[in-house]
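In what follows, chains carry the letters A, B, and so on, assigned in the order in which the sequence lines appear, proteins first and then strands, with residues in each chain numbered from 1.
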Amino acid sequence: MEKELDQVRIRKEKVQRLREMGIDPFPYIFFRTHFSEEVKENFDSLEEKEVVVAGRLVSRRLHGKAGFVHIEDDRGRIQIYFKYDTLQDRYALVKLLDLGDFIGVKGKVFRTKTGEVTVWAENVELLSKALHPPPEKYHGLKDIELRYRNRHLDLMANPEVRDRFRMRTRIIQGIREFFVKEGFLEVETPVLQPRYGGAFARPFITHYNALDRDYFLRIANEIYLKRLIIGGFEKVFEMGKMFRNEGLDRFHNPEFTNLEAYQAYADYNVMMELVENLFLYLSKDVLKKDSFTFQGMEIVIKEKWERITYFGALEKYTGIDFYPLDKEETKRKAEELGVDTEGKVTKGKILDAIFDKCVQPDLVQPVFVIDYPVDITPLAKKKRGDDNLVERFEPFMAMTEIGNAYSELNNPEEQKERFLFQQSLREKGDMEATPIDEDFIQAMMYGMPPTGGLGLGVDRVVMLLLDVPSIRDAILFPQLRE
RNA sequence: GGGCCGUUAGCUCAGCAGGUAGAGCACCGGCCUUUUAAGCCGGGAGUCGCAGGUUCGAAUCCUGCACGGCUCACCA
């Protein structure tokens with residue numbers, strides 16, 4: 001720590017004085033009868049009745065032998081009136097209170113002459129002394145770096161931030177409720193994995209000392225969840241953290257929350273309906289409205305989303321049918337479109353770059369982009385009637401990709417070939433290519449039912465529904481450089 | 001990783017023709033027994049992100065670094 005702040009020194013001296021007065025500045029427990037909100041909402045029945053409230057001191061207007069303060073609890077703020085005539089000796093404690101302290105107050109509910117519902121303190125107890133002054137009361141805490149690094153201060157100073165994270169939790173609970181209601185079993189799979197797969201991304205590597213072997217933080221849980229389907233569970237889901245060793249930006253945090261759900265006897269069409277129903281559920285039960293705005297774009301949650309094929313979308317927005325083109329021709333066209341193809345190993349990767357630049361900015365209303373090229377999707381089943389495509393879709397809205405889903409590949413021999421192809425990409429220098437997973441192939445040998453799978457970026461869903469432009473404002477403790 | 005911008009009191013910010021640091025809130029003292037960003041009077045508080053350089057003199061100009069933001073690239 002650097003030099004002690006004057007105000008901190010003064011507060012520590014107050015702690016000393018309180019102890020000399022026989023007051024414990026850090027007592028253990030307090031019983032309250034009402035939240036601030038309850039007192040205010042039930043004023044008519046509580047007027048002149050005694051209540052006990054508790055909270056953090058957030059404003060203070062003392063004038064000599066009387067004064068007003070506001071305390072803040074989990075549900076809001078309420079004003080407290082302190083008067084020397086009522087408190088007598090106890091008024092000495094009031095004079096030693098600082099902004100940020102936690103106090104408990106017993107008193108009768110009344111209305112001041114300006115009409116504010118207030119508790120007239122008959123007793124006041126210090127519940128915890130704050131040694132450091134809080135952020136500024138009027139402007140709040142603006143400094144973005146401070147807000148992310150010291151989220152407790154951000155939450156303290158900016159009530160709208162608390163509201164936002166309460167809403168995040170409700171959305172997450174809503175997602176969980178929806179899948180449980182649909183009959184999915186919530187499971188937990190390893191975060192620490194001896195090999196990684198299920199997505200294209202570089203992993204975080206860690207070392208397991210007892211085994212003297214490198215392990216990986218999961219980039220996805222897909223393989224484990226499918227092994228559960230092989231084991232006989234018909235509907236499973238997991239919501240949890242994934243870790244991808246990549247850059248930070250408005251839409252990416254290396255540690256993020258993901259939902260994956262797998263359903264036996266289903267294909268990607270069933271999973272599209274599941275996504276439609278999930279959003280209907282969220283809009284009805286959480287948002288309580290059937291549209292929302294993200295960065296000025298009004299998004300309407302409909303029962304049925306538009307579906308457009310991957311190549312169809314590319315053709316619609318570039319005028320070029322990429323389907324018949326080989327890698328070289330695709331590359332040429334990409335460059336004509338001004339798309340950077342540097343380091344793109346396959347036609348699929350080049351197409352992805354074109355898609356991101358030319359198509360994605362037009363995907364505003366909820367839409368499923370379906371039927372992707374096979375080479376960028378090693379775990380999905382081939383499209384019925386077209387070996388160059390797989391049955392895969394990505395849900396988009398507000399120009400943002402929010403998930404990924406397939407008719408899951410369940411033929412172990414084909415799975416092996418796909419892994420071998422990925423292996424060859426790896427050898428060509430594509431570090432995101434999926435490594436081969438023999439255990440998974442072996443598991444699939446025992447028989448895996450036809451299965452639909454879905455992955456959903458939960459943080460991105462939160463961003464969209466709450467109109468939060470940066471993932472750092474959708475995650476309580478976003479990753480920052482140390 | 002590239003480009004642009006930012007970093008001054010606990011917080012929000014001003015100060016930048018280069019002359020040695022300011023305001024509001026917060027804090028301390030005084031007055032004040034119904035206030036609402038309470039008020040009035042007085043006071044304390046800063047290694048101006050860090051390190052170099054130019055200069056008689058740097059918060060201010062230059063260079064490098066750190067951290068952050070936006071953006072491009074990378075990345076589902």
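Nucleotides G10(B) and C56(B) place their C1' atoms 37 Å apart, quoted to the nearest Å. With C1' as the reference atom, G57(B) and U20(B) are 8 Å apart, rounded to whole Å. Comparing the P positions of G22(B) and A59(B) gives an interatomic distance of 13 Å, to the nearest angstrom. Taking the P atoms as reference points, U35(B) lies 15 Å from C40(B), given to the whole Å. Rounded to whole Å, the C1' atom of A66(B) lies 29 Å from the corresponding atom of A26(B). Across the C1' atoms, U7(B) and A17(B) are found 24 Å apart, a figure rounded to whole Å.
Residue Leu62(A) is in base contact, counting any heavy-atom pair closer than 4.0 Å across all strands shown. Heavy atoms of Gly140(A) sit under 4.0 angstrom from primed sugar atoms or phosphate atoms, though from no base atom. Nucleic acid contact for Arg149(A): sugar-phosphate only, since backbone atoms but no base atoms lie under 4.0 Å from a heavy atom of the residue. Lys142(A) comes within contact range of the sugar-phosphate backbone alone, with a heavy-atom separation under 4.0 Å but no base atom that close. Using a 4.0 Å heavy-atom cutoff across all strands shown, Ala157(A) reaches no nucleic acid atom at all. Here Tyr372(A) lies out of heavy-atom contact (under 4.0 Å) with every strand.
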Please list, for nucleotides 6-9 of chain B, all pairs of protein and nucleotide N/O atoms separated by less than 3.5 Å.
none

Strictly under 3.5 Å: I want the nitrogen or oxygen pairs between protein and nucleotides 70-73 of chain B, one per line.
residue, atom, partner, partner atom, Å
C70(B), OP2, Arg472(A), NH2, 2.7

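Non-hydrogen atoms lying under 4.0 Å from RNA chain B are contributed by Glu401(A), Asn404(A), all within residues 400-410 of chain A.
Here A26(B) is the nucleotide among A26(B), G69(B), C75(B) with the atom lying nearest to any side-chain atom of Gln7(A). Side chain of Arg60(A), nearest nucleotide from U35(B), C28(B), G44(B): C28(B). Here G69(B) is the nucleotide among U35(B), G69(B), A37(B) with the atom lying nearest to any side-chain atom of Ile144(A). Side chain of Glu136(A), nearest nucleotide from C27(B), A26(B), C25(B): C25(B). Ranking G69(B), C27(B), U34(B) by closeness to the Thr112(A) side chain, first place goes to U34(B). Checked against G69(B), U33(B), C75(B), the side chain of His252(A) finds its nearest nucleotide in C75(B). Considering only the side chain of Lys14(A), C27(B) comes nearest among U34(B), C27(B), A45(B).
Rounded to whole angstrom, the span from the CZ atom of Arg147(A) across to the P atom of C11(B) amounts to 15 Å. Spacing between atom NZ of Lys65(A) and atom C1' of U33(B) amounts to 8 Å, rounded to whole angstrom units. Per the geometry, NZ belonging to Lys83(A) stands 6 Å off C1' belonging to U33(B), to the nearest Å. If you take NZ of Lys137(A) and P of G10(B), they are 19 Å apart, rounded to a whole angstrom. Here A26(B) presents its P atom at 12 Å from CZ of Arg11(A), a figure rounded to the nearest Å. Distance, Glu246(A) CD to G1(B) P: 16 Å, rounded to whole Å. Tyr84(A) has its OH atom 16 Å from the C1' atom of C32(B), to the nearest Å. Atom CD1 in Ile350(A) sits roughly 12 Å away from atom P in C74(B) (whole-Å rounding).
The side chain to side chain contact (heavy atoms under 4.5 Å, CB included) test applied to Arg162(A) returns Glu72(A), Leu155(A), Pro159(A), Arg166(A), not counting sequence neighbours.
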Identify every side-chain donor-acceptor pair in residues 44-55 of chain A under 3.5 Å, counting partners at least two apart or on other chains, and give the distances.
residue, atom, partner, partner atom, Å
Ser45(A), OG, Asn42(A), O, 3.2
Lys49(A), NZ, Ser45(A), O, 3.1

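Classification of the Phe355(A)-Phe396(A) ring pair by plane angle, with boundaries at 30° and 60°, yields tilted. Aromatic ring pairs are classed by plane angle as parallel below 30°, tilted from 30° to 60° and perpendicular above 60°; the pair Tyr323(A) and Phe311(A) is perpendicular. Relative orientation of the Trp305(A) and Phe368(A) rings is parallel, given thresholds of 30° and 60° on the angle between their planes.
Counting distance only, with no hydrogens placed and no angle test, the side-chain atoms of His139(A) and the base atoms of C11(B) include no donor-acceptor pair under 3.5 Å. One cannot find a donor-acceptor pair under 3.5 Å joining the base of U35(B) and the side-chain atoms of Glu116(A).
At U35(B), none of the side-chain N or O atoms of Arg61(A) fall inside 4.0 Å of OP1 or OP2 (strictly under the cut-off).
If you run side-chain contact (heavy atoms from CB on, under 4.5 Å) between Ile475(A) and each of Arg168(A), Met463(A), Glu255(A), only Arg168(A) comes through.
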Practice task
Go ahead and write out RNA chain B as dot-bracket, 5' to 3': ( ) for pairs within the strand, [ ] for ones crossing earlier pairs, | when the partner sits on another strand, dots for unpaired; Watson-Crick or G-U wobble, both distances under 3.5 Å.
Solution key: (((((((..((((.....[..)))).(((((.......))))).....(((((..]....))))))))))))....
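Salt bridge present: Arg151(A) and Asp154(A) bring a charged side-chain N and a carboxylate O closer than 4.0 Å. A salt bridge does not link Asp267(A) to Lys381(A): none of the charged side-chain nitrogens sits closer than 4.0 Å to a carboxylate oxygen. Salt bridge present: Arg418(A) and Glu414(A) bring a charged side-chain N and a carboxylate O closer than 4.0 Å. Salt-bridge formation is detected for the pair Glu122(A)/Lys108(A): a Lys NZ or Arg NE/NH1/NH2 atom is positioned less than 4.0 Å from an Asp or Glu carboxylate oxygen.
Phe204(A) and Phe243(A) have their aromatic ring centers separated by at least 6.0 angstrom.
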